[in-house]
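Input: a single structure, listed below in structure tokens.
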Amino acid sequence: MDYIEKESKNVVFDSDGILYLSCYAHVDSGNLELMYADFWSRIGSVTNELFKVYKIEKTVIALTSSKNFRDDLTDLWKADRATKDPSQMTDKQLAASIKSESLRSYVYETKKLVLDRIPRDIVTISEVAEADDIFIDLCNNQNYIGVAMDSDCIKQCKSPVFNYHSKHWKWMHQGLDDKSIFQHIIYETIVGGHNGSFGIKGKGKVFANNFVLDLVHHDDPYAQWKMLFPTEEEALLNYRVTDCSQVTNDEVHLVSLEDIENLFKEHYTTPEDEEEI
């Protein structure tokens, strides 16, 4: 059997989800060391899977800090995750809330262990960005392969992505093109992504999917998209909280309405239109 040398690659883990899964698996024990060990066990299992395809040179563990540039854009960022008043909860909701708060605390403490014990050339946390943004910067600008279960990481990535969630545990794709990524961002500006404070009220996944598919038939797709929002400012805000490509080398470069308009022109100008121009 001929020996086939594997391609060398660096890999970045969107590690917030792994940290959550590890803490959730052992939340009833309250044992931080067990959660910490579980985190690295999951990293190791995925790495073994990656070695089946690539020769891994460098590994980056990306984690989200408590604050990032989206907090400066709006007070609504992550506002839907705030805890409700206990007096307004049922007994079942209250029990779930207490467990959720415990889990959040364990995630915070386990993250501190990771950051305290592992060299910063392996574990990276940004003061301006989320793990998603670090992930996309390394994958799209530095040719890293990615490991994630977050849909924004998977659907905004130009490199191969492995999904570590147990329901998937597979390579999701071998890299997306610019138009597919742009269409995903437009879709997410409508449905609101992971944060219920954003998107367009009353417009769900079916509408968003049909809207994106129909854009090719409009003379001015940018205007059609912008008209979905009450104001230009709201359209821009929804794009900015969704787009994970606005951070490069830990520096934020916020997208403008002009940038978005140019992206629409780039992806929806037909060859016939180009001849007329």
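All values below were derived from every heavy atom in this structure, side-chain atoms included, with hydrogens, water molecules and symmetry-related copies excluded. Residue numbers count from 1 along this sequence.
Residue Lys158 is tested with Asn143, Asp177, Asp178 for a side-chain hydrogen bond (donor to acceptor under 3.5 Å, both in side chains); the sole match is Asp178.
Using a 4.5 Å heavy-atom threshold, the side chains of Lys112 and Tyr108 count as touching. Under the 4.5 Å side-chain criterion, counting only non-hydrogen atoms from C-beta, Cys23 is not in contact with Phe39. Counting only heavy atoms from C-beta outward, the side chains of Leu176 and His184 never approach each other to under 4.5 Å. For the pair Glu188/Asp152, a side-chain contact is recorded, criterion being any heavy-atom separation below 4.5 Å from C-beta on. Between Gln224 and Pro221 the shortest side-chain heavy-atom distance does not fall below 4.5 Å. Using a 4.5 Å heavy-atom cutoff, the side chains of Val114 and Trp40 are in contact. In this structure, Thr248 and His253 have side chains that are in contact, with non-hydrogen atoms separated by less than 4.5 Å. Counting only heavy atoms from C-beta outward, the side chains of Tyr222 and Asn262 never approach each other to under 4.5 Å.
Cluster membership check: Ile56 shares its hydrophobic cluster with Val53, using side-chain heavy-atom separations under 4.5 Å among Ile, Leu, Val, Met, Phe, Trp and Tyr. Both Leu237 and Phe69 are assigned to one and the same hydrophobic cluster, defined by single-linkage of ILVMFWY side chains at heavy-atom distances under 4.5 Å. Cluster annotation: Tyr24 and Val46 are assigned to the same hydrophobic cluster (Ile/Leu/Val/Met/Phe/Trp/Tyr, side-chain heavy-atom contacts under 4.5 Å, transitive). Both Tyr239 and Ile181 sit in one connected hydrophobic cluster of ILVMFWY residues. Membership requires side-chain heavy atoms under 4.5 Å apart, directly or through other members. Hydrophobic clustering (side-chain heavy atoms under 4.5 Å, transitive across Ile, Leu, Val, Met, Phe, Trp, Tyr) groups Tyr36 together with Ile43.
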*Passes salt bridge (charged side-chain N to carboxylate O under 4.0 Å, His left out), Asp72 versus Lys67? Steps please.*
CA-CA 9 Å; Asp72 296 327; Lys67 186 176 177 61; 3.3 Å; yes

_Worked check of salt bridge (charged side-chain N to carboxylate O under 4.0 Å, His left out) between Lys9 and Glu7_ = CA-CA 6 Å; Lys9 284 288 187 180; Glu7 182 181 4; 3.7 Å; yes

_What verdict does the side chain to side chain contact (heavy atoms under 4.5 Å, CB included) test give for Leu263 and His267, after you've listed the backbone C-alpha separation in whole Å, the side-chain angles of each residue and the deciding distance to 0.1 Å?_
CA-CA 6 Å; Leu263 286 168; His267 297 305; 4.2 Å; yes

*Val147 and Leu50: side chain to side chain contact (heavy atoms under 4.5 Å, CB included), yes or no, with the steps?*
CA-CA 9 Å; Val147 175; Leu50 301 182; 3.8 Å; yes

*Is there a side chain to side chain contact (heavy atoms under 4.5 Å, CB included) between Ile186 and Phe264 once you walk through the steps?*
CA-CA 10 Å; Ile186 295 302; Phe264 270 100; 3.6 Å; yes

_Pair Glu57, Lys55 - check side chain to side chain contact (heavy atoms under 4.5 Å, CB included), show working._
CA-CA 6 Å; Glu57 297 286 352; Lys55 178 182 177 183; 3.6 Å; yes

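With a 6.0 Å cutoff to the six-membered ring centre and a 45° limit on the axis angle, Lys179 counts as a cation-pi contact of Tyr268. Taking the ring axis of Phe198 as reference, the NZ or CZ atom of Arg240 does not stay both within 45° of it and closer than 6.0 Å to the ring centre.
Looking at Asn48 and Ser45, their side chains never bring a donor and an acceptor atom within 3.5 Å of each other. For the 3.5 Å distance criterion, the side chains of Asp137 and Asn141 qualify, holding a donor opposite an acceptor. A donor-acceptor contact closer than 3.5 angstrom is absent between the side chains of Asn238 and Thr189. No hydrogens or angles considered: nothing links the side chains of Ser65 and Glu127 as a donor-acceptor pair under 3.5 Å.
Judged by distance alone, the side chain of Asn10 and the main-chain N or O of Tyr144 form no donor-acceptor pair under 3.5 Å. Side-chain atoms of Glu130 never come within 3.5 Å of backbone atoms of Thr64 as a donor-acceptor pair (strictly under, hydrogens ignored). Looking at Lys170, its side chain never comes within 3.5 Å of a backbone N or O of Tyr164 through a donor-acceptor pair. A donor-acceptor pair under 3.5 Å is absent between the side-chain atoms of Asp133 and the main chain of Val247, judged by distance alone. Side-chain atoms of Ser159 do not come within 3.5 Å of backbone N or O of Ile145 as any donor-acceptor pair. Checked by atom type and distance alone, the side chain of Gln246 pairs as donor or acceptor with a backbone atom of Val255 at under 3.5 Å. A donor-acceptor pair is defined here as one N or O able to donate and one able to accept, closer than 3.5 Å; no such pair exists between the side chain of Ser15 and the backbone of Ile61. Counting only distance, with no hydrogens or angles, the side chain of Arg70 and the backbone of Val241 share a donor-acceptor pair below 3.5 Å. Judged purely by atom type and a 3.5 angstrom limit, Asn140 uses its side chain to pair as donor or acceptor with the backbone of Gln156. Judged by distance alone, with hydrogens and angles left aside, the side-chain atoms of Ser41 form no donor-acceptor pair with the main-chain N or O of Ala37 at under 3.5 Å.
Closest of all the heavy-atom pairs between Ala131 and Leu63 is CB-C, 3.8 Å. Nearest heavy-atom pair across Ser126 and Val128 is OG-N, 2.9 Å. Between Cys244 and Asp132, the shortest heavy-atom contact is SG-CB, 3.8 Å. Nearest heavy-atom pair across Leu34 and Ser29 is CD2-OG, 4.1 Å. Looking at every heavy atom in both residues, Ala208 comes nearest to Val191 through CB-CG1, 3.6 Å. Looking at every heavy atom in both residues, Ala25 comes nearest to Arg42 through CB-NH2, 3.8 Å.
Of the charged side-chain nitrogens involved, at least one lies within less than 4.0 Å of a carboxylate oxygen, so that Glu33 and Arg117 count as a salt-bridged pair.
Distance OG1/Thr242 to OH/Tyr187: 12.0 Å, rounded to 0.5 Å. Distance check: Ile190 CD1 to Leu228 CG gives 5.5 Å after rounding to the nearest 0.5 Å. With values rounded to the nearest 0.5 angstrom, Glu261 atom CD is found 7.0 Å from Asp220 atom CG. Note that CG of Leu215 is 8.0 Å distant from CZ of Phe182, once rounded to the nearest 0.5 Å. To the nearest 0.5 Å, atom CG of residue Leu19 and atom OH of residue Tyr106 are 14.0 Å apart. Put simply, CG on Leu113 and CG on Leu32 are 6.0 Å apart, with the number rounded to the nearest 0.5 Å.
No close placement of the Phe211 and Trp225 rings is indicated, their centers lying 6.0 Å or farther apart. Between Trp171 and Tyr54, a ring centre-to-centre spacing shorter than 6.0 Å is recorded.
Heavy atoms of other residues, nucleotides or ligands lying less than 6.0 angstrom from CG of Asp219 number 12 at most.
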